[in-house]
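Note that this is a predicted model, so its numbers are computed, not measured. Scope of the values below: all heavy atoms of this structure, side chains included, with no hydrogens, waters or symmetry mates. Positions are given from 1 along the sequence. Just follow the structure's listing: the first ligand is 1, and inside any ligand the first atom is 1.
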Amino acid sequence: MDKTAVFYVFIIGNPDIQGGFCMLASKLYCPTLRNDPVEADIVSHKYMLKAGMIRKNASGFYSFLPLARRSILKIEQIIREEMNKTGAQEIMMPIVQPAEIWQESGRWDVYGKEMFKLVDRHGKEHCLAPTHEELITTLVRNELRSYKQLPINLYQIQNKYRDEIRPRFGLMRSREFVMKDAYSFDMDEEGLALTYQDMYNAYSRIFTRCGLQYSIVLADSGQIGGKYSHEFMALAQSGEAEVVSCTHCEYAADIEQAEPKTLTMDVEPMVELSKFATPHCSTIEELVKVAAVPIEKTIKAVAFDIDGVLALCMVRGDHDVNDVAVQRIVGGNDVTTASAELLKQHGLVPGYMSPIGANKTDESFVILVDPTVMQIYNGVAGANEEGYHYRYVTPQRDFTDVRVETIRFMTEQDQCPLCNAPIQRAHGIEVGQVFQLGTKYSEALQATFLDKTGKAKPFVMGCYGIGVTRTLAASIEQYHDENGIIWPVAIAPYEGVILPLNMKDESMVTIAQNLYAQLMVDNDEFVLDDRNERAGVKFKDADLIGYPIQVIVGKDAVQQGNIEIKIRRTGEKYVVPINEAASQVQNKLKELRQLHQ
Ligand code: ATP
Ligand code: MG
């Protein structure tokens, strides 16, 4: 008996033993759905539910069924390989963390409602970790002591918990998700810069190997803090993040981080302010019509309540306020739209707000004006009186007691801040982010090491996150068609499927089983669709699940000894003789793997 035949007998004789990598479809727990699930708004969510990969058990909480689990493990393995290559070491820290360490760092209250909190039987407060800066810093602070042990980079792959205000889009924004998080400790800023670059490079390899099309952009460091950060954005229409990039040079940034240049406007002789009636005119579009001025001459107002501080933000009518920039400038944790009550207290009239006539008495009210607004001569702005605006507003003359700060989003009309070429905007999914933290956590938590001279110094830290489950969803957003998922081989749950089209035809089944056994011997990852289903159903499921290769064993196999190999990605089909099928499948797999290396 040859090797293949031995395996064949072994497998078929032991239906419960599937070998290491292959699987019988009749055994695979993959409850596919015939209809589109109504709750899914984006493709990845829809296809993961439909292909029997995930099931929701509460808003933002999902079970991963075998196909999803396999893909996740593959992504994790790619991450492990690339992290280990940089010398980073894998650890595992608790998910449940005591409140004290978060109080020590000052983030217990800062994190706000996004943090799941719980109380143990002794009345002690804990949280489910949204991230691990505090824990890792307290973990090393008493035992990592000497500069000789540095740099060091520790990582884990683990569930994180965030009580997101709007969990949605399936795995894209869930309340429990898998994250790879790494934390580095260096002696100084130069050391951190090198570690950061290593991580930046490792992340580039990870996402390339996962097959993603991504862009690396300058980012805001948000809640995590620190000075310098990049995000890895998988470009996709459904992405919640927006990125701007230069059409000419390397410049690319998260829209929240991008700082547009001030636009200049023609200098005009200043005319005296004049109030005019603008009833039912609370939007810029209406105002442009009623005032008969170009939109560039209008001034828009947006007001936020930031931890009780009222921030009135003024941008040009055709621009939008960047709330993240506002928060960077004002500070604070909780940014919400200012209530009518708060506006009234400060003399602001909704729909007609401006600094003119506002009641600014103390620091609980700040007025931020975008520098481009300061370039306007004889513009139009609210009069803080229902149904009235002012004409001939020249902010440099008429806006008093204001702070001039860049608070607007970059638009496609802006120029690249580096080279002045045109800017483009695109949607992205943030799959990873790297931060240079500096000494924020080591100082707060008193984590120091002894330098060469024996002096205690705070660690210079970096942290690096990858959304593992979000990466899975992002891949589907990028690779799919109207029939289902199109996996890149590296993260496909299985590399291919063998489709015997008629299970009642014994010869056909035998050919398929032999091929299955052969591929199993070679450690390929194939599913044999041995279900007693019609050919149409098998094709449909194969396309939906997105196996990169379909090996079709039909009438031709029995009558002419030919098998068809279909590449899911391109739809290309190759007819090959049975005895060459396994090697041809492997050649095709090799070609597909090379696409993302
Ligand atoms: P976002 O801005 O999308 O809320 P974040 O910047 O708060 O994300 P990080 O703290 O940088 O997230 O976390 C690291 C990675 O974890 C992110 O790059 C993202 O891929 C992933 N991630 C964050 N929040 C979620 C979530 N709710 N569901 C799934 N993945 C998430
Ligand atoms: Mg982030």
Side-chain angles (χ1 to χ4, degrees), residues 42 44-45 48 54 56 58-62 64 68 72 75-76 79 83 107 110-116 128-134 136 155-183 199-200 203-204 206-207 210 212 214-226 228-236 238-243 253-257 322-324 327-328 333 335 427-437 440-441 462-477:
I42 61 169
S44 56
H45 190 195
M48 273 193 271
I54 58 168
K56 179 171 102 172
S59 165
F61 291 92
Y62 289 87
F64 298 99
I72 288 169
I75 297 172
E76 290 184 1
I79 293 173
M83 289 300 292
R107 282 209 296 181
V110 173
Y111 228 97
K113 294 193 179 129
E114 220 173 280
M115 194 187 248
F116 279 106
L128 298 183
T131 176
H132 275 72
E133 284 80 15
E134 280 75 3
I136 190 98
Y155 76 96
Q156 61 175 354
I157 302 176
Q158 189 196 52
N159 280 357
K160 293 280 183 279
Y161 295 83
R162 294 184 185 177
D163 197 357
E164 296 276 358
I165 188 164
R166 253 180 298 149
R168 56 187 176 158
F169 302 147
L171 302 190
M172 210 60 99
R173 186 166 296 284
S174 47
R175 298 201 285 172
E176 175 184 69
F177 58 96
V178 181
M179 195 204 281
K180 187 287 302 182
D181 45 330
Y183 306 89
M199 283 297 100
Y200 184 102
Y203 272 39
S204 306
I206 289 165
F207 292 120
C210 287
L212 283 191
Y214 62 92
S215 172
I216 307 174
V217 305
L218 272 174
D220 179 76
S221 24
Q223 288 272 28
I224 304 283
Y228 192 56
S229 178
H230 285 93
E231 283 163 342
F232 288 71
M233 292 282 190
L235 301 175
S238 59
E240 287 185 281
E242 265 199 82
V243 298
D254 189 312
I255 190 86
E256 295 172 345
Q257 177 68 19
N322 178 354
D323 51 339
V324 178
Q327 191 180 11
R328 261 197 308 269
N333 302 317
V335 182
H427 285 274
I429 300 163
E430 183 202 315
V431 284
Q433 186 164 11
V434 289
F435 301 85
Q436 291 195 10
L437 293 173
K440 174 175 167 166
Y441 294 94
C463 76
Y464 318 91
I466 291 181
V468 176
T469 38
R470 190 184 277 184
T471 298
L472 183 76
S475 174
I476 299 175
E477 290 299 321

If you measure from atom 9 (P) of ligand 1 to every heavy atom of Glu133, Arg162, Arg166, Glu114, which option wins on shortest distance? Arg162
Is a side-chain donor or acceptor of Glu176 paired with a backbone partner of Gly60 at a separation under 3.5 angstrom? no
Which of the listed options, Glu240, Arg173, Met233, holds the heavy atom that is closest to atom 3 (O) of ligand 1? Arg173
Any N or O of Arg470 closer than 3.5 Å to N or O of ligand 1: yes
Within the distance-only criterion (no hydrogens, no angle test), does the side chain of Arg173 pair as donor or acceptor with the backbone N or O of Arg168 below 3.5 angstrom? no
For a side-chain contact (heavy atoms from CB on, under 4.5 Å) with Ser475, tell me which candidate from Ile429, Val431, Leu212 qualifies. Leu212
Does ligand 1 have an atom under 4.0 Å from some heavy atom of Met172? yes
Just jot down the ligand 1 atoms closer than 4.0 angstrom to any heavy atom of Glu164, in number order. 24 (N), 26 (C), 27 (N)
By residue and atom, what protein N/O/S atoms are less than 2.8 Å from the Mg ion (ligand 2)? Glu430 OE2, Gln433 OE1
Check if Thr471 has a non-hydrogen atom at a distance under 4.0 Å from any atom of ligand 1. no
Nearest non-hydrogen contact with atom 30 (N) of ligand 1 belongs to which option: Phe435, Tyr464, Phe177, Phe169? Phe177
Sole residue of Glu242, Glu231, Glu430, Gln257 in side-chain contact (heavy atoms from CB on, under 4.5 Å) with Val217: Glu231
When you measure from the heavy atoms of Val431 to every atom of ligand 1, does any distance fall below 4.0 Å? yes
For Tyr214 and Ser204, indicate whether the former's side chain and the latter's backbone hold a donor-acceptor pair under 3.5 Å. yes
Show me which atoms of ligand 1 lie under 4.0 Å from any heavy atom of Gly432. 18 (O)
Do the non-hydrogen side-chain atoms of Thr131 and Tyr183 ever get within less than 4.5 Å of each other? yes
Side chain, backbone, both or neither: which applies to Thr131 and ligand 1 if a contact is any heavy-atom pair less than 4.0 Å apart? neither
Find out whether Met179 and Arg162 are in side-chain contact, i.e. whether some heavy atom of one side chain is under 4.5 Å from a heavy atom of the other. yes
Carboxylate-amine/guanidinium contact Arg107 Glu133, below 4.0 Å: yes
Contact (N/O only, under 3.5 Å) between Gly465 and ligand 1: no
Do side-chain atoms of Glu477 reach the backbone of Ser44 as a donor and acceptor pair under 3.5 angstrom? yes
Whether Asp181 side chain and Gly465 backbone form a donor-acceptor pair below 3.5 Å: no
Qualifying residue, where the test is ring-ring contact (aromatic ring centres under 6.0 Å, His included) with Tyr200 and the options are Phe207, Tyr464, Phe232: Phe232
In ligand 1, the atoms that come under 4.0 Å of a heavy atom of Leu171 are 29 (C)
The test is side-chain contact (heavy atoms from CB on, under 4.5 Å); show your working for Lys180 and Gln156 and say whether it passes. CA-CA 6 Å; Lys180 187 287 302 182; Gln156 61 175 354; over 6 Å; no
